[in-house]
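Here is the structure we will look at.
Only heavy atoms go into these numbers, but all of them, side chains included; no hydrogens, no water, no symmetry mates.
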Amino acid sequence: MSFRRAAKKDANHVEIVRAFRTLGFSVLDVAQLKNCCDIFAAKNGKTYAIEIKDGKKPPSARKLSDGEQSFMESWRGEWRLVESIEDVIKLDEQI
């Protein structure tokens, strides 16, 4: 029998989730799911699939995995890549 290892969260995952919640978003953390986004964040009737990457890492370390890329391409709703709290604030200002 094989077990899937827990998905590795980016170092800024907790602070990004906290920033969304502080700005009044509902957040569902699904980072443990394979081939999906990290969280779903919703506010004012809009829901976003959010992929969190650590903006402090080099671009090569922020590349989407094959599963993340496939999810992004097949998702028929709003999808965002968030690398910093500033990205969360920008998204909040757009809605």
Side-chain angles (χ1 to χ4, degrees):
M1 178 183 333
S2 68
F3 292 94
R4 184 182 176 293
R5 291 185 310 166
K8 201 168 84 177
K9 292 182 182 181
D10 285 278
N12 61 341
H13 185 98
V14 171
E15 70 182 25
I16 295 292
V17 168
R18 187 179 303 121
F20 272 113
R21 288 186 173 141
T22 298
L23 291 170
F25 284 81
S26 296
V27 177
L28 177 63
D29 191 333
V30 294
Q32 75 281 3
L33 298 179
K34 189 173 181 177
N35 301 324
C36 191
C37 59
D38 287 316
I39 65 172
F40 289 98
K43 185 175 179 181
N44 297 337
K46 294 193 102 176
T47 302
Y48 299 87
I50 305 288
E51 181 59 37
I52 299 171
K53 294 293 182 188
D54 188 344
K56 295 176 183 172
K57 290 186 176 181
S60 61
R62 291 182 265 154
K63 185 175 179 266
L64 294 177
S65 70
D66 290 342
E68 292 165 346
Q69 184 71 35
S70 178
F71 175 82
M72 186 227 14
E73 291 170 357
S74 66
W75 184 247
R76 292 189 177 122
E78 297 283 338
W79 182 94
R80 295 289 190 281
L81 176 66
V82 172
E83 297 180 339
S84 65
I85 291 175
E86 290 77 21
D87 290 343
V88 176
I89 294 167
K90 286 178 192 173
L91 177 60
D92 185 52
E93 290 171 347
Q94 293 173 1
I95 59 173

Which atoms form the tightest heavy-atom contact between Ile85 and Ile16, and what is the distance? N-CD1, 3.7 Å
Does anything in residues 17-36 pair up under ring-ring contact (aromatic ring centres under 6.0 Å, His included), and if so which pairs, sequence neighbours excluded? Phe20-Phe25
Measuring from atom CG of Asn12 to atom CD1 of Ile52, what distance do you get when rounded to the nearest 0.5 angstrom? 6.5 Å
Hey, any chance Val82 and Val27 share a hydrophobic cluster, counting ILVMFWY side chains that come within less than 4.5 Å of each other, even indirectly? yes
Is Met72 reachable from Trp75 through a run of I, L, V, M, F, W or Y residues, each pair having side-chain heavy atoms under 4.5 Å apart? yes
Rounded to the nearest 0.5 Å, how far apart are OG of Ser65 and CD of Glu51? 7.0 Å
Minimum heavy-atom separation for Ile50 and Ala41, please, with both atom names. CG1-CB, 4.1 Å
Residue pairs, two or more places apart or on separate chains, that pass salt bridge (charged side-chain N to carboxylate O under 4.0 Å, His left out) and touch residues 18-31: Lys9-Asp29
Taking only residues two or more places apart in sequence, or in another chain, which ones meet Thr47 in a side chain to side chain contact (heavy atoms under 4.5 Å, CB included)? Phe40, Ala42
The side-chain hydrogen bond (donor to acceptor under 3.5 Å, both in side chains) partners of Gln94 (sequence neighbours excluded) come to none
Side chain to side chain contact (heavy atoms under 4.5 Å, CB included) partners of Glu78, counting only residues at least two apart: Lys46, Tyr48, Arg80
Which pairs, with at least one residue in residues 58-68 and sequence neighbours excluded, count as a salt bridge (charged side-chain N to carboxylate O under 4.0 Å, His left out)? Lys53-Glu68, Arg62-Glu83
Excluding sequence neighbours, so at least two apart, what forms salt bridge (charged side-chain N to carboxylate O under 4.0 Å, His left out) with Lys43? Asp92
If two hydrophobic side chains count as joined below 4.5 Å and joins carry through other members, does Leu23 share a cluster with Leu28? no
Where do Val30 and Cys36 come nearest, in terms of heavy atoms and distance? CG2-SG, 4.1 Å
Co-membership, hydrophobic cluster, residues Val88 and Val14, 4.5 Å side-chain: no
Going from SG on Cys37 to CZ on Phe71, what distance comes out if it is rounded to the nearest 0.5 angstrom? 4.0 Å
Across all chains, not counting sequence neighbours, the side-chain hydrogen bond (donor to acceptor under 3.5 Å, both in side chains) partners of Lys90 are none
Minimum heavy-atom distance between Asp87 and Leu81, given as atom pair plus value: OD2-O, 4.3 Å
Contacts of Asp54 that satisfy salt bridge (charged side-chain N to carboxylate O under 4.0 Å, His left out) - sequence neighbours left out: none
